[in-house]
Amino acid sequence: MHMKISRKDFTGTGKVYCFTLSQMLKGKANVITLVILLVLAVVSIPVMTLLMGGEKTASSDITSVYVKNDTGYQLALEDVPIINDAFADTSFTEVAEEKKIGDIGASEMYLHLDRKADSFEIEAVTAETKSFSDAEVTQCTEIFSMLLDEARYAQQEATPQQIAVLTGGYSIRTETVSEFLESGEEEDNFDARFGVQMAYSIFVLMLCTFVSSYIIQKVIEEKASKLAELLMVSVKPFAMLLGKILAVMTYVFGLIVSLIVVIGGSYMITGRFIDTSVITEQFAAMGINAESFRISPAAGLVLFVSVLLGYLTVSLFSGLIGTGCSTTEDVEPANMTVVMLVLIGYLAAVIAVAVDTPAINTAVTLIPVVSIFCAPTYYITGSIGIGMVALSWLIQLIVIVLLAYVCAKVYRDLMMYRGNRLKLGGWMAMLGWKHTKEAH
Amino acid sequence: MSLVVRNLSKKYGEKTVVDNLNFEMKGPGVFALLGTNGAGKTTSIRMMLNMLSRDGGEVLWNGKPLDTATCNVGYLAEERGLYPKYTLMDQLIYFAALRGISKEEAKKRIRYWAHRLEVEEYLYPGADPAKQAEDTASGGKSSSEKNPENKKRAKKQVPKKADQLSKGNQQKIQFMTALLPDPDLLILDEPLSGLDPVNTDLFKSIIREEIAKGKYLIMSSHQMATVEEFCTDIIILNRSKTVLKGHLNDIKKSYGRINLSLKTETDVKDLIEKAGLTLVTEKECEYQLRVSGEAQANAFLKMLIEHSVSVITFDLREPSLHEIFVEKVGDAHED
């Protein structure tokens, strides 16, 4: 039996990788799937926004604002549309004299910013027959109040971060005693953890389920096409498996990332035409906001390595399960085996977040299939330290090496195997742990 | 160059499927691996090519373990296969790349073999056949690549995939994959099965060319006439064991000239019986007889002349490979 993995076993991996990937990209079924998914990703945000009650951003009816600034501070008028895009089409002009007041049209406004002894005054003047609402006037004056604050702090040489702190608003919550006792930081933390866990888990779940299905199909393809013998003259079985697995991993990763990028792009483009805050609010309610994705480089690295190791584990496992099958009819049950395993890991991770005790957190961080889903998020949310993450990686690596060992030991014979889908007994016989004819 | 197969063995559980297979090829030529169904021929080939693990034995090419690093092998497997949904050209370039052949070189070789195996229309759809022949001869770019009109035509034609080809044409493509690396050792497992007579002749002519080039060929086949046509050395397997091995002519000589074909104008069954010959078949005064040797045959001829029998054919020859095979395998079955 072939026991060790040598450099020779990897010869040809690159060629198998390139061919498999190029054929996946050329495959009609894959192209159609990709187009459908991308179209769905593009329309998802506008459709969701409309279904959830999003409306077109109301553009202000104020066409021009004439600003007389007697405060002595330089105001950044160009920032007005950034603060409130309802004023994107409104022109803001600084004027020196008050004579403009008499000529104010129905859609125009005059603003006078003045400095008193120990305060500032913003005076808004509109025509008697103004064509816009009082709310728009209030919004406009609030913006200038913010601009004035920023200008004052900037003159005191405050940094943008300091200005952000100084001008940061307040959130006001009114609640009863019982509500007060039940709520607090704990709940916010749980929401955030649950949200981040869910977003990350869905990403990993998509990666794993997609990849298992594709890998099993690709591995069976050669056996079903009776090509295994022809290929094994030229390339070692392990290189054949590895090349395929890496190609499918690349394809699926590219597919999922493309979908995320397209959804992000759709969100940004939709935001130009429709108020998407309803979606933002929905995500915020689940604990997911822009802050959730702002992670340190170290956390990014932890995330990357964890996903990579988990992804590789599931892919190798799928490859092995695939080689135990002989016909395309076996794809579904084989895929189900892998998907069930991944789903168990996912559910265990989600339940662990809800339970949230140190013992459970440690256990799920160290169990390979579950740790894929929770180790990095636990690290990011501060539930575990880098030491625990490293231990989780080590266990994951051991699993990968074990799977690679099994591949090297049985893959050659598995490629030539014809018969019913291998059950546990057959696998054990292949590995030499049990002597039975089932493996042959 | 030499090929040595020594003590090759394989067991599945308690069942021995190949039992100490030994043979040697000291020079170029064709070696036949013969046997009944399930005798262990394909398993032996798979073990030789490291596709199956061995329970014992070794396979050496020039004294080194046989693999793609030590020997340029071409293999036509018994289980014919191609990717059904990929274009033929993509597959052939991939198979060539796995053998370390550059894309440009692979394209040249594919063009040559496509012409030789008469499958150009599937690999170069839309190209002018007359021009293709010219291009193949010149080794240059295809007519579809050079001529804008052909280029347009080629664009209209979708490249062929394996599942769009007949079984025979698929077999030609598979044969091409075995030949693409210009192998020193060519292993052909049932190369002619399922081919029509025209394509059988085409394959035979290519096999003859490969023999003429000084290649080492191992052929497994149930078509004894074909094996006899090409092979110099044979081994016959039955139920995993070697029942006969050696140089084909020597084996035949060892049997002697014992087959007698006789055609007469009158019925001579009485004389055959009187001479003690074994009657194998008989049809309208055409007899296939088994004699113990030349002396018995000569005595029988004398008897025919003495009885004034008009003899049309009297042909004494060695047994055919088919007869040797049936006898050996039959004996082993009886054992």
Side-chain angles (χ1 to χ4, degrees), chain A residues 1-3 6-9 11-20 22-24 26-30 217-218 221-237 239-240 243 328 408-419 429-430 432 434-440, chain B residues 10-15 17 42-43 45-55 66-69 71-87 90-91 93-101 103 159 161-163 170 173-175 177-178 180-181 183 185-187 189:
Chain A
M1 278 269 181
H2 196 72
M3 299 289 278
S6 68
R7 265 184 68 184
K8 267 187 180 179
D9 289 313
T11 310
T13 306
K15 283 162 188 162
V16 177
Y17 172 85
C18 292
F19 179 73
T20 309
S22 70
Q23 292 303 326
M24 286 193 83
K26 279 184 191 175
K28 258 187 198 167
N30 288 341
Q217 275 181 36
K218 281 282 149 201
E221 181 182 54
E222 257 136 28
K223 292 180 83 174
S225 312
K226 298 171 180 174
L227 262 165
E229 273 190 82
L230 176 66
L231 290 171
M232 282 165 74
V233 176
S234 312
V235 65
K236 297 274 181 189
M240 211 153 84
T328 44
K409 192 167 179 186
V410 302
Y411 192 65
R412 181 175 53 172
D413 288 346
L414 276 174
M415 282 303 287
M416 306 307 298
Y417 170 75
R418 297 283 182 277
M430 280 262 178
K434 182 185 164 189
H435 219 68
T436 167
K437 287 177 187 174
E438 192 179 347
H440 308 290
Chain B
K10 179 78 182 169
K11 276 184 176 186
Y12 285 142
E14 294 303 311
K15 190 184 175 193
V17 287
T42 301
T43 305
I45 291 174
R46 286 174 178 171
M47 280 195 289
M48 284 167 63
L49 294 171
N50 290 311
M51 289 175 198
L52 279 180
S53 54
R54 301 167 195 154
D55 290 325
L66 177 84
D67 62 27
T68 45
C71 177
N72 187 1
V73 191
Y75 177 46
L76 178 66
E78 185 193 20
E79 271 198 337
R80 317 272 195 254
L82 287 171
Y83 292 109
K85 297 293 173 194
Y86 302 163
T87 66
D90 280 357
Q91 296 191 49
I93 290 173
Y94 172 53
F95 298 143
L98 288 176
R99 302 305 298 273
I101 302 165
K103 197 172 177 179
K161 294 173 181 173
D163 62 356
Q170 284 189 32
I173 301 290
Q174 285 144 0
F175 194 27
T177 63
L180 273 180
L185 174 63
L186 187 57
I187 300 178
D189 200 350

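All values below come from the heavy atoms of this structure, side chains included, with hydrogens, waters and symmetry mates left out. By convention in this document, chain letters (A, B, ...) are assigned in the order of the sequence lines, proteins followed by strands, and residues within each chain are numbered from 1.
With rounding to the nearest 0.5 angstrom, the CG atom of B:Asn50 is 5.5 Å from the NZ atom of A:Lys236.
In terms of heavy-atom pairs under 4.5 angstrom with chain A, the leader among B:Val73, B:Ile187, B:Leu52 is B:Leu52. Of the listed residues (B:Thr177, B:Asp55, B:Thr87, B:Leu82), the greatest number of heavy-atom pairs within a distance under 4.5 Å of chain A belongs to B:Leu82. Interface remark: of the candidates B:Gln174, B:Arg80, B:Lys85, B:Arg80 forms the most heavy-atom pairs closer than 4.5 Å to chain A.
Looking only at side-chain heavy atoms (C-beta outward), A:Leu231 and B:Tyr94 come within less than 4.5 Å of each other. Counting heavy atoms from C-beta on, the side chains of B:Leu98 and A:Val16 come closer than 4.5 Å.
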Take A:Lys26 and B:Asp90 through the side chain to side chain contact (heavy atoms under 4.5 Å, CB included) test and state the conclusion after the steps. CA-CA 11 Å; A:Lys26 279 184 191 175; B:Asp90 280 357; 2.6 Å; yes
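Between B:Met51 and A:Glu229, the closest heavy-atom pair is CE-O, 3.1 Å. When all heavy atoms of B:Tyr75 and A:Val233 are compared, the closest pair comes out as CD2-CG2, 3.3 Å. A:Lys15 and B:Gly100 get closest at one heavy-atom pair: NZ-CA, 4.1 Å.
Interface residue B:Asp67: only side-chain heavy atoms are found under 4.5 Å from chain A.
If you check the side chains of B:Tyr83 and A:Glu221, you find no donor sitting under 3.5 Å from an acceptor.
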